[in-house]
Amino acid sequence: MSREAKGGKNKAFLMPKPHSNQQEDRNIDSTLRPTAWDEYIGQEKIKHGLRVILDAAKKRKEAADHLLFSGPAGLGKTTLAYLVARDLGGIIRTTSGPAIEKTGDLAAILTNLTPNEILFIDEAHRINPMIEEVLYPAMEARKLHLVVGKGPSARTLSLDLPPFTLIAATTRENLLSQPLRSRFGATMRLGYYEPADIKKILERSAAILGIAADLDAVEILARASRGTPRVANRLLKRARDFAEVHGGGGPDGTAIDRTAALATLEMLEIDEAGLEPSDRRLLTTIIEKFNGGPVGINTLSAALAEDRGVIEDIYEPYLMTLGFLQRSSAGRVVLPAAYRHLKIKDRGELL
Ligand SMILES: Nc1ncnc2c1ncn2[C@@H]1O[C@H](COP(=O)(O)OP(=O)(O)O)[C@@H](O)[C@H]1O
Ligand SMILES: [Mg+2]
């Protein structure tokens, strides 16, 4: 609330919002993307599980099992796919669910794979069902069944495919069809990172980018990073911009110190829990317009004029992790912790 109320004074700074600047963010993403296992911080269970699968495949000299990586955006799914590919010899071909429009597109990709290549399909929950039908026998038996011709003269052509490993990534595992899900040898579910891991990621990124940041600043930025490496890296960049323009600490006055870190968050209207204005608007809308909930997702989406997918993929997972929001069959409900955080009374009472 407090930051929202102070919003007016922040308007003097014309700085990008955390969700904008996509090209620049893609560039930092690739500069900072870990290229070796020991640079990939946290997610120890997943790394260990992958180690076993990859070592076994290498020992047998076979393609590794198909893998599904699921979890919210920015947690390191693409990075992990590239690390797996590097481990297995380096060849990876990437595409995404929505990019494969026709069965012919997928057929072309599959028939051009070299043996033991990795095929990475991002946004796998957006693969169209007709394409999925082609994918099943390809994953299971390395066969490609193609229908050639039309009408009574149509016939099915069956081609053998080279051994390959499919890695699919999704932010919405529950939208994947059961037949597709069941064809992966393992599913790795990435969760939000611990603050200590986010701090390590910030320190690594600061070192790569040549940014000076003191311990206090790292701590503050880490807490506002939503347990998400991509957000952490983005905040670090914005804090550097701030320190360069408005002054910071250190010998040359451009290091990110406590003051610069806090001012950056204030400028971006990100509060100490990492909530952005859109997150707070979601919560206050449910509280003010729907009496705290439950409210159905479509009603909420209309009230916020926000795409349902964005609400479900970006806002809700983190709010649920904080214990601020609950999804029930009746709809979304705001929980007491959110009232306390927003300093809003529930039916006249301060919780
Ligand atoms: N475990 C990690 N350790 C260090 N940096 C990471 C880690 N996971 C992700 N990152 C950083 O976050 C960025 C986003 O990761 P990415 O793999 O693109 O996420 P996703 O594909 O899940 O959206 C990467 O460019 C990388 O710099
Ligand atoms: Mg990705």
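In each ligand, atom 1 is the first atom listed, and ligand 1 is the first ligand listed.
- Aromatic ring orientation, H66 versus F164: tilted (interplanar angle from 30° to 60°).
- In the hydrophobic clustering of this structure, L190 groups with I198; members are Ile, Leu, Val, Met, Phe, Trp, Tyr whose side-chain heavy atoms approach within less than 4.5 Å, directly or through other members.
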For residues 213-226, tabulate all N or O donor-acceptor pairs below 3.5 Å that involve a side-chain atom, not counting sequence neighbours.
residue, atom, partner, partner atom, Å
D214, OD1, D216, N, 3.3
D214, OD1, A217, N, 2.9
E219, OE1, K199, NZ, 3.0
S225, OG, L221, O, 2.6
R226, NH1, G274, O, 3.0
R226, NH1, D279, OD2, 2.8
R226, NH2, D279, OD1, 3.3

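- Both tests hold for R183 against Y136: distance to the six-membered ring centre under 6.0 Å, angle to the ring axis within 45°.
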Worksheet item: What do the steps show when you test K200 against E203 for salt bridge (Lys or Arg N to Asp or Glu O under 4.0 Å), and what is the final call?
Response: CA-CA 5 Å; K200 282 188 208 155; E203 278 156 8; over 6 Å; no
Donor-acceptor pairs are to be reported for all side-chain atoms of residues 152-159 against protein atoms at under 3.5 Å, with residues two or more places apart or in another chain.
residue, atom, partner, partner atom, Å
S153, OG, K150, O, 3.2
S158, OG, H145, ND1, 3.3

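- Using a 3.5 Å distance cut-off with no hydrogens or angles, the side chains of E276 and Y315 do not pair a donor with an acceptor.
- For the pair Y192 (side chain) and Y318 (backbone), a donor-acceptor distance under 3.5 Å is present.
- In plain terms, the two heavy atoms of L80 and Y40 that are nearest each other are CD1-CZ, 3.6 Å.
- Protein residues having at least one heavy atom under 4.0 Å from any atom of ligand 1 are D29, L32, R33, P34, E39, Y40, I41, A73, G74, L75, G76, K77, T78, T79, Y193, I201, P229, R230, N233, listed by chain and number.
- Listed by chain and residue number, the protein N/O/S atoms under 2.8 Å of the Mg ion (ligand 2) are T78 OG1, with waters left out.
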